[in-house]
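Below, each value reflects all heavy atoms present in this structure, side chains not excepted, and no hydrogens, waters or symmetry copies. Just so it is clear: chains get the letters A, B, ... in the order the sequence lines come, proteins before strands, and each one is counted from 1. Predicted, not measured: the structure shown is a model, and the values here were computed from it.
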Amino acid sequence: MTVSVGRSVVRQDADPKVRGQAVFGVDFELSGSLHAVLVRSPIASGRIRSVETSSAAAVPGVRLVATAADAPRILSGLALADQPLFAGDVVRYEGEPIAAVVADTVTIARAAAARVVVDIEPLPVVASLSAAVAPGAPLVHADWSTYRPSPGLPDWPRHDNVVGEMRFDSGGVDDVFATADIVIEDVYTADRQYQAYLEPKSATAVYEAGRYTIHAAHQYHFNLRDRTAAALGILPSRVRVIGHHMGGGFGAKLDVGLEPYAALLARLAGAPVKMVNDRVEDLLSCNSRENAIIRVRSGVTRNGRILAREFLVDMDAGAYAGDTVFLTSIPLFVAEGPYSVDRTRVVARALYTNTAPTGAFRGVSGAYLYFALERHTDNLANALGMDRRDFRIRNAIDAGHTMLNGQVLEDSDLLRSAFDAIDEVAPWETLGRGPNRGVGIAATVWLTNPMPGAVTLRLEPDGSLGVVTGAAEIGTGAVALGVRQVAAEELGIDPDLVVLTMPDTDAHAYDGGAQGSRTTHIVGRAVQHAAAGLRERIFGQAAKLLDSGADELEITDGRVRMVSDPQRSVTLGQIAGAAMFDGGPIISSGSYATPAPKHDPDAATGLLFSTFPTPTYHVHVAEVEVDPVTGSVTVLRYLVAQEVGRAINPAGVMGQIQGGVTQGLGYALWETLQIGDDGRYRQRSLEAYKLPIALDVPRVEAILLEHPADAGPYGAKGVAEPPIVPVAAAIANAVADATGGSIVRLPITPDDVLNALESSKE
Amino acid sequence: MEFTSAASVEEATALLVEYGTAAQILAGGTDLMLQQARGEISADVLIHIGRIPGLVGITGNGSVRIGPLTTHRSLFRSRLVLTTAPALAEAAATVGGWQTQAVGTIGGNVCNASPAADTAAPLLVAGASFELTGPRGTRTVIGDSFFIGRRQTARATDEILTAIVLPHHPERTGDAYLKVGRRSAMEVAVVGLAVRIALDIDGTVEGARIAACSVAPAPLRIAEAEEILQGSRLESEAIAAAGEALTRAVSPIDDARATAAYRTRVLPGLLARALGVAAARAERGVG
Amino acid sequence: MSAVTFTVNGRIVTLDADGADTLLTVLRDRLGLTGTKEGCAEGECGACTVLVDGVPVDSCILNVHAVAGSDVLTIEGLATSDGRLSPIQQAFVDNFSVQCGFCTPGFLMTLTALIADTPTPEEVTIRSALSGNLCRCTGYSTIVDAVMAATGQTERS
């Protein structure tokens, strides 16, 4: 009988949010704040001839206009130090900051920014992946060879416009291809996806006594601290980051955005500085999910075994390496996916182009890699005359599967239970029947980010439990529900008695950020470690109060009582009060990071992250209907079977599944950032960038599979990221089934549907 | 920028004369305020006409008279519009979401004259006429002469649209409006198609009107396709031929929403669907 | 600049505003009512939704002078004067309809108008009424659940 774990407890921060009282980054005001606006490059590639700021500086109410000359001459970046704060000599993408205006109000700042005159001589634009590697391609970074990785990172293979390259070869691949009965080769492409969080990026910064304080709405406050410090050339301890409510991030707010600018300008202006993106500039400058080209080739036997695979991926880093260069490692873990393959070759490259630097969006490269893999898997099944579901189950990995990095998945047989679970609810043969209807299936293995976290628990004399952690609550409920409920369970108290904090990098130990579904898992484990220490002190103090041995006591329902004489009890609050002058306040801390699983870090060259920790297993099924006149796609039904280990809060988990699938539907059907030959986006506002609306989104039918993992708090694994990963794959497979034709790119346009219908009639 | 609210049509036109091109007319503002924020237009004065009495509402006495300040939401909730010109109601119900429909006006929609204006095609097939009032008095412009180019109408800069009049339709007529977009709502029309069919007693097409938006710089009627349907019994060959004529008569462009090729290829199937709905309404005597 | 008078959450307000000022910037920057959000400033996302004389509008594209004499209701005006949440607010809390919460005020305003207009709306009516309100976190189903609960349409189980 649990107090909290497994229950759909309501979150405490819902109340201020429904009242409109929650203060988000864009709402936060420091008295005396000035407002700053960035002057951004209007073109994708050029040499800056001059920046004339005097007309802007003369506008009444303007405090200063800053350019590259006012910033430290430093290049920095998450993986590679290749990016300046302000473009100095050249601009490399539309939207790149060139200058900043600080003024009394945002209206004055914007008016003055329009008066900054930038003279840029246009240079050739590298606008596409193919252009980036074409012979004689212009170099996006002429000085690429002088760049160094961020401190602590060993260098990796890179040259010219290839900013990262990962290569894996199991050996004997070509020989095995030669022996295959059937060889199928496919090429897939995917456009960019904009995270489109409802709250645009913002930052408020103050500079005082040699330190910067940044008020942020962010996912990864410690990274924000470290990256701002790197950009300004100072120690991280000179920067303090304080978190506020964040209106969505989905990966875009893991790295710095406006914060280093606000910090620099606050120092230059001698006053707090606030910055808020308007939606258009936010869209244009955002570190969106990268566009990519994926080539998949498989050799199979007539009875359905996959002998050989070649998986070649080119991903667009944009103008700076950002974190996309890390993502060149992901194809190593998706090339086989959840299937057994004998011999594999994987090559993944990240390429520079003159476009906005790309970055993390829920599921990262997995969203398009699984689209490619699962479309290809359908093609293999069809070529063999096998049912698409049967083919997958036939080749599904079993327990003890060894991944390409040498890591052994102990529990990979859980994948089969995901296939079974959906079939019980919606048998495969019953789906996709009828004119213009189709069904698609996709299976996925995904990971839980292993980055470290920590927590301090404080027992208070009023019986409340302070959970003090730098973990970010970004809306998923990972802290507001997950961590809180684990803490409540550990102490046997009502979760309403838990008090949570906003992250503060001065007050909290390091946390690896809200990413990769890690928070409940990692910080939950840290809570369990801390709780063990807390219980020791509790029992020690209670033993004195109850005149018993500490081992004769139990905690239940907010009290400690003698097991043999339950009437003799004392409340947790009384214990905390008594302890104040007998040892001091009752606190206990815990830290955790996922231990690296055994693997071969040299399995591939250019491998920037080499493990796939705490894996989870997923099967998605989609049923669609296509309109033969307009080519539009209606999603009739969407089913998810997800292995979660243990659902700490089932409603919270369902919320992540419904939300993640919805983002995946947008990726599959409606959202796109198309890049013109000039390197500029064709979609430039929310009218053109089409987010899913309520009418078009079905209720996801989700089955939560709970096989508690030893590593997780109460067996819980990461749940929030994976729901988006298989969606485009399932939808595309369903549309291909409905039309009888081929679907090879994301998003699926109405034209693609009509073409597929036409081609299947021939 | 100055904001001034006109209390009457006379006051509004006097202000237009006074300020000339330095002024913009503000009704609901769902287009204007957006263009203003994007810097697409610049005005020194906004002449607010939203409070002028007598410009709101729908009255019917044979013909149907629609005040220009009638919101889209009022249009699609009007029994009169639903029974005499359901295509217009269908179009109004697709202009953005509730927030836009409750504030945006039909007058704004037609005077702004976006190539994608949803209400334009249903009005054209209804044979609507547009009453314009200015310092020189009141005049009426027939729909076919009203939309003259991209964001250009027959309205002179010192005139206000004061009414849209739909002529009386005989029994056995029906109309329909179909809109193509990526999502089910909130779409600027990729293609919008309106048809109106009049059937005689034995099912022969007595009159056919076809209009489209987002396939040319302005919303337009396509006479070539209408003529093919005239006198037919809506056989599939006639409909196919009309669809073919439709695709040849339009000049869509590639833009961020769709390609010209897509806009063209959906037209024949869309026409067939729209004719099916309109014909059924004509048989039932609704619309 | 010229004067405009209207009521906000029952309180009469008079202020000077530029002829092109939007209701949203006045609410947030002049009246300190930051519960209403700017998500796009182009009338697409609905985060700025308030009620003007009971009608849901995108305040980011509504000229403030156009609300002269009208009653404006914002998210701050939904709860009772002694702080009790309205039924739809409480239903959002109880039904996991809130994740990041940035879109929440806009949704609550549109839904307040919907429930007043249609006391027991069907699911498709709810989803259609919410076309102009974007949520990036929840995928909408728990928002629909909240409306069903607030309008007494959830089956007792």
Side-chain angles (χ1 to χ4, degrees), chain A residues 106-107 110-111 113-114 191 278-281 283-284 436 625-635 662 665-677 680-698 747-758, chain B residues 1 30-31 34-40 42 93-100 114 116 176 178-193 214 239-240 243 246-247 252-277:
Chain A
V106 67
T107 307
R110 287 211 178 274
D191 285 350
D278 69 29
R279 178 58 65 181
V280 171
E281 78 180 308
L283 181 155
L284 293 179
N436 299 311
E625 186 172 288
V626 302
D627 183 319
V629 169
T630 64
S632 70
V633 176
T634 302
V635 184
T662 301
L665 295 180
Y667 186 50
L669 295 172
W670 304 300
E671 299 177 42
T672 179
L673 288 177
Q674 294 168 323
I675 303 165
D677 292 334
R680 298 166 72 238
Y681 289 149
R682 301 185 74 201
Q683 287 77 19
R684 304 170 71 79
S685 72
L686 285 192
E687 181 273 307
Y689 188 84
K690 298 183 181 294
L691 294 169
I693 58 173
L695 275 174
D696 290 332
V697 178
I748 304 164
T749 67
D751 239 343
D752 293 333
V753 174
L754 294 179
N755 289 340
L757 282 168
E758 244 177 56
Chain B
M1 183 181 302
T30 54
D31 274 320
L34 194 48
Q35 289 168 29
Q36 156 68 23
R38 286 181 184 156
E40 287 166 9
S42 60
T94 70
V95 179
W98 190 352
Q99 294 91 328
T100 308
S114 155
L178 293 180
K179 176 172 179 172
V180 175
R182 285 298 274 273
R183 301 172 300 183
S184 298
M186 292 300 282
E187 296 292 286
V188 171
V190 166
V191 173
L193 188 71
S214 295
I239 294 177
L246 183 53
T247 62
I253 57 170
D254 289 339
D255 64 17
R257 289 178 209 113
T259 61
Y262 173 73
R263 290 175 156 116
T264 306
R265 95 197 276 189
V266 301
L267 282 173
L270 210 61
L271 179 65
R273 268 189 191 160
L275 288 170
V277 176

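Using a 4.5 Å cut-off between heavy atoms, A/Leu665 does not touch chain B at all. When heavy atoms are compared at a cutoff of 4.5 Å, A/Asn755 approaches chain B by way of both its backbone and its side chain. Of the two parts of A/Thr672, neither the backbone nor the side chain holds a non-hydrogen atom closer than 4.5 Å to a non-hydrogen atom of chain B. For a residue to count as touching a neighbouring chain, one of its non-hydrogen atoms must lie under 4.5 Å from one of that chain's; by this rule A/Glu758 touches chain B with the side chain only.
Closest of all the heavy-atom pairs between A/Leu695 and B/Ala185 is CD1-CB, 4.1 Å. Summarising the geometry of A/Leu691 relative to B/Arg183, their closest heavy-atom pair is O-NH1, 2.7 Å, with the distance given to 0.1 Å. Contact record, B/Val180 with A/Thr630: CG2-CG2, 4.0 Å, taken as the closest heavy-atom pair.
When the candidates A/Pro750, A/Ser632, A/Pro692 are compared by the number of heavy-atom contacts under 4.5 Å with chain B, A/Pro750 comes out ahead. By number of non-hydrogen pairs under 4.5 angstrom with chain A, the leading residue of B/Ala272, B/Ala256, B/Gly181 is B/Ala256.
Taking a cutoff of 4.0 Å between a charged side-chain nitrogen and a carboxylate oxygen, B/Arg273 and A/Asp627 qualify as a salt bridge. Between B/Arg257 and A/Glu687 there is a salt bridge, with a side-chain nitrogen of the basic residue lying less than 4.0 Å from a carboxylate oxygen of the acidic one.
Looking at B/Arg182, its side chain does come within 3.5 Å of a backbone N or O of A/Leu669 through a donor-acceptor pair.
Interatomic distance, CG of A/Asp752 versus OH of B/Tyr262, reported as 11.0 Å (0.5 Å rounding).
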* To do: Take A/Asp751 and B/Arg265, measure what side-chain contact (heavy atoms from CB on, under 4.5 Å) needs, and give me the verdict at the end.
  => CA-CA 9 Å; A/Asp751 239 343; B/Arg265 95 197 276 189; 2.6 Å; yes
